[in-house]
Amino acid sequence: MHSVETRLKELMLASLAGDARSYAILLNDVAKHLRSYFLRRLSEAHKGDADDLVQETLMALHTKRATYETDRPFTAWLHAIARYKLIDHFRRNKIRATIPLDNAEDLIPADYSDATADRIDVESLLQSVPEKSRELIYRTKIEGQSIAEVATSTGLSESAVKVGIHRGIKAIAAKLKGRAHGNG
Amino acid sequence: MATDDLIARLTRDLKPIQRSSVAKRLAIGLGLGFAASWLLMVWWLGMRPDLMEASATMPFWGKLAYTLLLAVIGAWAVKRIAYPLGSIIINLVLMAVALFAFGILAAGIFAMAPPEAHMTMLTGKSLAVCTFNIVVLSMPLLIGAFWVLRGMAPTRLTMAGAAAGIAAGAIGSVIYSFHCTESAMPFVAVWYTLGVLIPGLIGALAGRFFLRW
């Protein structure tokens, strides 16, 4: 799964090597992130400055790209430049920052792709479990119901519920083991 | 100008970046500063006439080692602060340790010397001019260091200016030690150290105005 950081960093490394196509993709991507970053931090009266700031930051990214150390996160480097440009803008125009300045994570919104992928994995694994156990596991492990609750709602005894869950998990374990050996 | 046009323009003149380009710029900036400052020393102050004899004595090497150490710490600080988010805390700590250690040594020598020698140990023959001369000699280096930083991306301008000033002052005092005939450690500990710190202060004050990008 590609996170935003990995993607942008790969593009940046290619750009530093002189690949203009990667560079164009990178700049377009970065411009979008920067726009929303600046818009969020400028008060209503100054929202119009966002585009100027985006362009200034892109220019800085270009002229200062030698200062990107390739073993560091790209987004942190970019954020430091964007933040510098924003503060410089505030100073130049004597604007007092009313919105708190921030951390590098704010530039790139949280990346949920991994969590989504995990969910898909769980669903597909559950499909391999016998119907009865699947239902029990789903209710207890994913919806978070207690054994007692599930027992009353299904009409099974508590120990039968536990046995069902146990069997299901064993089946999942077997399936994962099979996958690890390359025949899942 | 629309962002798309800008991106097209930047993409068009894309050139590969060498990994060493920061170090190269640092070497050029400080190298030219060094050459200018050295010429200024030779032309304005002149080499010490007893350089050959002096180079066989401990005080000459002690003075050179002290100023060279500060120069290395300072040049390294310029490189570190040249990057966004760069910090020079480690350099300031190392420098404080060096100043402290040399200060202790100098204080020990001062304390062991007979009281009548104390005044000359501190004021030497060139008290009025030593620090001033170092500050003057460090100016070409300060310009060189500022040039280095202007091509880079320091995000803390006062810190960046201070790093440039300390590097300039320290390299300037290395150069000055080829003119200066003072050898007493207490003298060096006070006046040379000031000659490093004052350019550091000048750099810190000038950084906000001259290092903006």
> How about Tyr84(A) and Trp213(B): are their ring centroids closer than 6.0 Å?
Replying inline: yes
> For Met47(B), does the CE atom have more than 12 heavy-atom neighbours from other residues, nucleotides or ligands under 6.0 Å away?
Replying inline: yes
>> Does anything in residues 10-25 of chain B reach chain A? List residues with heavy atoms under 4.5 Å apart, or say none.
In response: Leu10(B), Thr11(B), Asp13(B), Leu14(B), Lys15(B), Pro16(B), Ile17(B), Arg19(B), Ser21(B), Val22(B)
> Are side-chain heavy atoms of Met59(A) and Leu6(B) found at a separation under 4.5 Å?
Replying inline: yes
> Could you state the interatomic distance from OG1 (Thr3(B)) to NZ (Lys32(A)), rounded to the nearest 0.5 Å?
Replying inline: 11.5 Å
> Is it the backbone or the side chain of Arg150(B) that comes under 4.5 Å from a heavy atom of chain A, or both, or neither?
Replying inline: backbone
>> Other residues, nucleotides and ligands only: do more than 12 of their heavy atoms fall within 6.0 Å of CZ on Phe110(B)?
In response: yes
> Step by step, would you call Asn28(A) with Asp4(B) a side chain to side chain contact (heavy atoms under 4.5 Å, CB included)?
Replying inline: CA-CA 8 Å; Asn28(A) 274 304; Asp4(B) 289 343; 4.1 Å; yes
>> Applying a heavy-atom distance below 4.5 Å, give me the residues of residues 12-24 of chain A that approach chain B, sorted by number.
In response: Ser15(A), Leu16(A), Ala17(A), Gly18(A), Asp19(A), Ala20(A), Tyr23(A), Ala24(A)
> Shortest non-hydrogen contact from Ala82(B) to Thr67(A)?
Replying inline: O-CG2, 4.0 Å
> For chain B, which of Thr70(A), Val54(A), Asp51(A) has the most heavy-atom pairs under 4.5 Å?
Replying inline: Thr70(A)
>> How about CZ on Arg167(A), more than 12 heavy atoms from neighbouring residues, nucleotides or ligands closer than 6.0 Å, or not?
In response: no
>> Counting only non-hydrogen atoms closer than 4.5 Å, does Arg72(A) touch chain B with its backbone (N, CA, C, O), its side chain (CB onward), both, or neither?
In response: neither
> Atom CZ in Arg9(B), atom NE2 in His62(A): separation rounded to 0.5 Å?
Replying inline: 8.0 Å
>> Return the CD1 to CD distance between Ile7(B) and Gln55(A), rounded to the nearest 0.5 Å.
In response: 9.0 Å
> Under the 3.5 angstrom rule, does the side chain of Lys64(A) hit a backbone N or O of Ala153(B) as a donor-acceptor pair?
Replying inline: no
>> Surrounding NZ of Lys47(A) (heavy atoms of other residues, nucleotides or ligands, distance under 6.0 Å), is the total greater than 12?
In response: yes
>> Please identify, among Leu61(A), Leu26(A), Leu27(A), the residue contributing the most non-hydrogen atom pairs under 4.5 Å to chain B.
In response: Leu27(A)
